[in-house]
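Comments concern the structure below.
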Amino acid sequence: MKPKLPGLAAGLKDKLIQQALERKLRQAATPPQQATSTASNAGARNAIPEAFYRFHLHPSYQQLRILNDGAARMGLQNPFFKLHEGAASDTTRIDGSTYVNYSSYNYLGLSGDPFVTEAAKAAIDRYGTSVSASRLVSGERPIHRELELGIAQLYEVDDAITFVSGHATNVSTIGHLFGPRDLVLHDELIHNSVLQGIQLSGARRLPFPHNDWNALDGLLTEHRHEFERVLIVLEGIYSMDGDYPDLPRFVEIKRRHRCFLMVDEAHSLGVMGARGHGIREHFGLAGSEVDIWMGTLSKTLAGCGGYIAGESALVEHLKFLAPGFLYSVGMPPAVAAASLAALQRLQKVPERVKDLQERGRSFLKQAQEAGINTGTSEGLAVVPAIVGSSLKATRLSAQLFEHGINVQPILYPAVPEKSARLRFFISCTHTEAQIGQTIKTLAALI
Ligand code: PMP
């Protein structure tokens with residue numbers, strides 16, 4: 001099979017290396033002759049291509065090498081795996097220097113907040129560093145339930161369950177609740193974890209155009225009756241674009257077509273609504289209007305892991321049967337305590353939410369005035385600067401770094417090549433001066 005090469009390689013015009021590698025891959029992957037029928041035969045064994053038992057010949061690894069080697073040859077600095085030497089919020093330290101930072105999800109500055117840090121330390125003193133077992137058997141600690149009940153209260157729903165990873169929360173929840181007779185419809189820009197969950201479930205998958213509730217309605221009119229359970233999945237704020245769905249429209253559609261609705265609030269909790277209670281508060285909806293509230297603990301909540309909140313039957317079902325919960329260790333006490341403390345702080349510091357929203361709006365307005373393409377961003381914590389090629393995004397990120405600004409480029413295949421971008425995450429701790437300086441520098445470089 002001819003390997004597909006990501007657009008950055010084409011963008012780099014490194015055709016010779018590309019062709020040589022493709023030749024090598026084709027040779028390495030030439031199928032063995034009658035390998036299955038003569039498997040016990042030593043000759044046939046020798047005919048098994050190296051590509052089938054050597055990691056360095058794996059096609060996706062080869063593609064990665066093309067990208068990385070090509071970029072290095074062009075003198076591009078690798079923008080990934082930078083070493084941050086302390087807590088990262090509006091600023092961060094890298095290699096001994098301080099940078100204005102736009103690459104962390106610390107939206108309300110609660111990672112590094114003394115109250116949150118103290119809570120994590122106290123939990124270690126009391127419970128140790130690991131619960132050393134799945135919650136179901138002997139890994140349950142009071143701090144887990146306190147956190148889950150706090151999340152359920154925030155959504156005004158029956159209960160919540162926390163998983164050790166945000167990504168695994170989506171994989172395990174969707175993977176467990178849905179099956180081959182079911183359909184999952186999702187926004188075309190939905191996060192990878194949702195796609196992986198759908199793949200695991202074996203359900204039919206149908207994407208609909210970004211935020212287009214009308215198109216979703218049409219798909220459901222055409223296909224709803226062919227399936228048993230149907231799930232619609234949205235994000236509260238889309239992590240690449242910084243815009244959000246018209247949630248009341250989606251609620252009405254899911255009701256009319258008798259479907260489940262799931263909203264991933266990874267980037268909207270702490271960001272939307274006057275008190276930071278998320279997209280539900282923004283639109284003034286009841287918690288019960290959405291069947292599955294999902295969120296991560298790694299962003300506003302200053303920890304690590306994910307949650308599902310909803311009715312008791314949903315949470316109880318997942319607690320006893322979702323593999324990513326059942327067969328995985330309970331959250332480390334320090335992490336659960338940090339997220340619980342962050343949740344408590346969220347209730348006490350609405351001014352931080354207001355600051356975050358103001359800074360985001362200001363960033364967006366200044367960027368637009370400077371002629372920067374911010375796509376459909378609403379200025380809520382996530383603002384892209386779409387520059388049109390992976391090469392340009394990588395170069396701009398490196399140039400900004402030289403000017404003391406740390407922002408991550410987002411390249412193909414994470415986004416289509418023509419919408420490669422820099423993605424700015426805003427924190428409530430950013431100052432107007434930092435934002436003004438950033439836009440000025442970016443506008444001069446772009
Ligand atoms: N959902 C969305 C929308 C995300 O952006 C992310 C990661 N940023 C996740 C889920 C996974 O969360 P985590 O990184 O906490 O595992």
Side-chain angles (χ1 to χ4, degrees), residues 80-81 84 88 101-108 110-111 147 151 160-175 184 186-200 207 210-211 231-245 247 250 261-272 278-280 290 292-309 318 322 324-325 328-329 331-332 334-336 338-340 342-343 376-378 380-384 407-411 413-415 421 423-427:
F80 305 113
F81 296 103
H84 294 247
N101 182 41
Y102 295 98
S103 68
S104 306
Y105 313 123
N106 196 3
Y107 296 133
L108 297 183
L110 293 175
S111 173
L147 171 60
I151 292 168
I161 171 176
T162 49
F163 293 71
V164 288
S165 144
H167 191 280
T169 304
N170 277 336
V171 175
S172 215
T173 300
I174 299 172
V184 184
H186 62 84
D187 190 286
E188 64 182 343
L189 299 187
I190 207 75
H191 192 258
N192 168 275
S193 50
V194 170
L195 300 178
Q196 298 278 314
I198 301 169
Q199 201 176 358
L200 178 66
H210 185 47
N211 280 335
L231 173 71
I232 301 160
V233 196
L234 315 174
E235 286 181 36
I237 288 180
Y238 285 88
S239 61
M240 292 293 171
D241 291 81
D243 59 4
Y244 57 86
L247 190 55
F250 285 93
L261 177 61
M262 175 173 187
V263 180
D264 178 334
E265 286 232 273
H267 299 274
S268 45
L269 182 76
V271 177
M272 292 182 86
I279 192 165
R280 183 176 89 81
V290 166
I292 308 176
W293 289 106
M294 182 273 168
T296 57
L297 303 172
S298 57
K299 297 166 179 84
T300 286
L301 295 184
C304 177
Y307 62 82
I308 296 289
L318 294 175
F325 182 82
S328 194
V329 71
M331 282 179 72
V335 179
S339 288
L340 176 61
L343 193 61
T376 51
S377 174
E378 300 276 357
L380 286 163
V382 183
V383 184
V407 59
Q408 207 63 42
I410 307 288
L411 316 175
V415 289
R421 62 194 62 192
R423 181 174 53 164
F424 292 85
F425 288 117
I426 318 295
S427 161

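All residue numbers refer to positions in the sequence shown, counting from 1. Order of listing sets the numbers, starting from 1, for every ligand and every atom in it.
- Under the rule for a side-chain hydrogen bond (donor to acceptor under 3.5 Å, both in side chains), the partners of N101 that lie at least two apart in sequence or sit in another chain are S103, S104, N406.
- Here the side chain of E265 pairs a donor or acceptor atom with the backbone of I279 at under 3.5 angstrom.
- Q196 and S193 share no donor-acceptor pair across their side chains, judged by distance under 3.5 Å alone.
- Checked by atom type, the side-chain pair D241/H210 shows no donor-acceptor distance below 3.5 Å.
- Residues satisfying the ring pair (Phe, Tyr, Trp, His ring centres under 6.0 Å) criterion with Y102, sequence neighbours excluded, are F363, F424, H430.
- For F425, the ring pair (Phe, Tyr, Trp, His ring centres under 6.0 Å) criterion is met by Y105, not counting sequence neighbours.
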What are the distances between nitrogen or oxygen atoms of ligand 1 and protein nitrogen or oxygen atoms, counting only those under 3.5 Å?
unit_1	atom_1	unit_2	atom_2	d
ligand 1	1 (N)	D264	OD2	2.7
ligand 1	5 (O)	H267	NE2	2.7
ligand 1	8 (N)	Y105	OH	3.3
ligand 1	8 (N)	K299	NZ	2.9
ligand 1	15 (O)	S298	OG	2.6
ligand 1	16 (O)	G166	N	3.2
ligand 1	16 (O)	H167	N	2.9

